[in-house]
Amino acid sequence: MSRVLIKGARCYGEGDPVDVLIADGVIAEIGSPEAAGDTEVIDARGQVLLPGFVDLHTHLREPGREDTETVESGSAAAALGGYTAVFAMANTDPVADNAVVVEHVWRRGRETGLVDVHPVGAVTVGLAGERLAELGTMARSEAGVRIFSDDGHCVADPLLMRRALEYSTSLGVLVAQHAEEPRLTVGAQAHEGERAARFGYTGWPASAEESIVARDCILARHAGARLHVCHVSTTGTVDVLSWAKERGTRVSAEVTPHHLLLTDERLATYDPVNKVNPPLRADADVERMRQALADGVLDCVATDHAPHAVQDKDCEWAAARPGMLGLQTALSIVVRTMVEPGLLDWRGVARVMSERPAEIAGLPDQGRPLAEGEPANVVLVDPEAGWTVRGTELASIAANTPYEGMRLPAVVSATLLRGRITSREGKID
Ligand code: DOR
């Protein structure tokens, strides 16, 4: 097995620079280890060493839409973004609602070997919201599915959601809800508010999200189950989560980088690159997302990386698909929105991008402390460097980034998966 010596990095951006020796897939020594014969040395002066990031929410589009992303291209984007594990959502074609599809995705992830790819299983057959999928078969399959979600669709039927939550407790898995009451979002195009009204979009009320989150917190508590809430976007949802957490409900929640940065001000452009589900919200919501992530009501950042083909984005707003790329820009957006304003330090970044998501998913070898003997799933970040986003230069097959041309802070300089360098200086190793 290869050995890597990281020289002069600051763990969690704290304390004095140290040298970190990685051997046989683990952190072998932190301090001043010597570089023996065939050790690869990384000059990491001025850089921050963090545990590798874990994304609970990504769309890899395989099988079915390999024209927009594959497990391989998405894994590359993940490794370049500092990720060592990702969860691939089930809304593929065919849907990942059975053992064959989840095992395919899992195997493709293993073959690619750049990041641990964990398939998410669908809660309902075909994401149709009518019948429960065979959660047990997927959980016990080779893929070992541990998160189930109909993401892209809400499990709107309360009885079905109740059954899924009850079933999840006996299987020891987690249900992740895309919270959107469909009766409240028929024809909805953009966050219901002053801007949508002014620019002529049909409104998407915050209550569509909040009412489902409130309902599901109550159902989860009743079932004694854990619940995970995908892509929280409104102030009211944060209020509901605070209430539920205070009374001991076992609920966790994620926020996307785009809901930490972008607002419905973007509606003025009419550019569907800004169309996303849930929609970009008002300024006060974005401010609340940042505060809630800082104080822990929101547990973690998840990208909702959603690649789409040019023809599905470069069209009129109503016909465009919702979603935006996120894997390679997530860290930079978290630095811009959370670190630069002083809401999180680097230890906080490790918490929301690595430790909490790994805990929520129950991954034993991810999000671990930077300590001797721990698995070497790590990322090196240059906090002083910056870069300019160019969609066509990202590793994803699709190029639908809302940050096109933006200068962003912080560069991922290397990612290591079990001690193997997967990305280095913007290139796949
Ligand atoms: O914007 C989104 N795009 N939100 C979702 O929930 C699904 C995703 C997709 O699959 O494109």
Side-chain angles (χ1 to χ4, degrees), residues 55-71 73-74 77 86-97 101 105 119-124 126-127 129 147-156 175-182 185 188-191 201 204 208-209 212-213 228-234 237 253-262 264 266-267 271-281 301-315 317-327 329-330 396-403:
D55 190 8
L56 294 180
H57 191 145
T58 188
H59 297 272
L60 298 184
R61 304 294 190 225
E62 185 178 346
R65 287 306 302 261
E66 290 87 347
D67 59 318
T68 63
E69 196 76 293
T70 62
V71 171
S73 63
V86 299
F87 283 76
M89 278 297 170
N91 63 339
T92 48
D93 183 11
V95 171
D97 61 2
V101 178
V105 173
V120 172
V123 175
T124 69
L127 309 173
I147 299 182
F148 290 89
S149 181
D150 273 5
D151 180 65
H153 300 267
C154 182
V155 181
V175 176
Q177 176 70 294
H178 171 118
E180 177 190 349
E181 168 51 59
T185 59
Q189 295 178 311
H191 173 60
Y201 298 83
W204 180 311
E209 176 173 308
I212 292 290
V213 176
H228 182 73
V229 181
C230 296
H231 40 50
V232 170
S233 68
T234 81
T237 299
E254 65 187 40
V255 61
T256 70
H258 45 274
H259 289 110
L260 289 170
L261 180 68
L262 307 176
D264 61 353
R266 289 263 181 131
L267 294 175
D271 183 345
V273 79
N274 299 305
K275 181 172 173 175
V276 65
N277 177 352
L280 300 179
R281 300 287 187 183
V301 172
T303 66
D304 199 1
H305 177 83
H308 285 297
V310 174
Q311 67 272 22
D312 293 326
K313 275 303 211 182
D314 240 354
C315 54
W317 187 278
R321 301 228 173 148
M324 36 186 67
L325 299 185
L327 283 167
T329 45
S396 288
I397 296 171
N400 54 303
T401 174
Y403 313 114

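Just so it is clear, the model here is predicted, and its values are computed rather than measured. Counting starts at 1 for both ligands and their atoms, following the listed order. Each residue takes its place number in the sequence, starting with 1.
Between P322 and ligand 1, at least one pair of N/O atoms sits closer than 3.5 Å.
Closest to atom 8 (C) of ligand 1 among all protein heavy atoms lies H59 NE2, 3.6 Å. Protein heavy atom nearest atom 9 (C) of ligand 1, with residue, atom name and distance: R61 NH2, 3.4 Å. Of all protein heavy atoms, the one lying nearest to atom 4 (N) of ligand 1 is N277 O, 2.7 Å.
In this structure, K313 contributes its side chain and K275 its backbone to a donor-acceptor pair below 3.5 Å. Under a 3.5 Å cut-off, the side chain of S396 and the backbone N or O of A398 do not form any donor-acceptor pair. Of the possible donor and acceptor atoms, one in the side chain of H259 sits under 3.5 Å from a partner among the backbone N and O of P279. Using modelled atom types, no side-chain atom of D271 and backbone atom of P402 make a donor-acceptor pair closer than 3.5 Å. Side chain of D150 to backbone of T124: a donor-acceptor contact under 3.5 angstrom is found.
For ligand 1, the atoms sitting less than 4.0 Å from at least one non-hydrogen atom of V276 are 1 (O), numbered in the order shown with element in parentheses. Taking a cut-off of under 4.0 Å to the non-hydrogen atoms of H231, the atoms of ligand 1 that pass are 6 (O). Of all atoms in ligand 1, numbered sequentially from 1 with element shown, those under 4.0 Å from a heavy atom of G323 are 1 (O), 2 (C), 3 (N). Contact atoms of ligand 1 toward H178: 6 (O) (distance under 4.0 Å to a heavy atom of the residue). Close approach of ligand 1 to H308 (heavy-atom distance below 4.0 Å) involves ligand atoms 11 (O). Applying the 4.0 Å criterion to heavy atoms of N91 picks out, from ligand 1, the atoms 9 (C), 10 (O).
Residue contact annotation: R321 has no non-hydrogen atom under 4.0 Å from ligand 1. Using a non-hydrogen distance threshold of 4.0 Å, M89 does not register as a contact of ligand 1. Put simply, no part of H153 is less than 4.0 Å from ligand 1, judged by heavy atoms.
Salt bridge status for R65 with D67: present, with a side-chain N to carboxylate O gap under 4.0 Å.
For the residue pair I397 and T68, the shortest heavy atom distance occurs at CB-O, 3.3 Å. Residues F87 and V120 come closest through the heavy atom pair CB-CG2, 3.8 Å.
Across H59, H228, H231, H57, a single residue satisfies ring-ring contact (aromatic ring centres under 6.0 Å, His included) together with H178, and that is H231.
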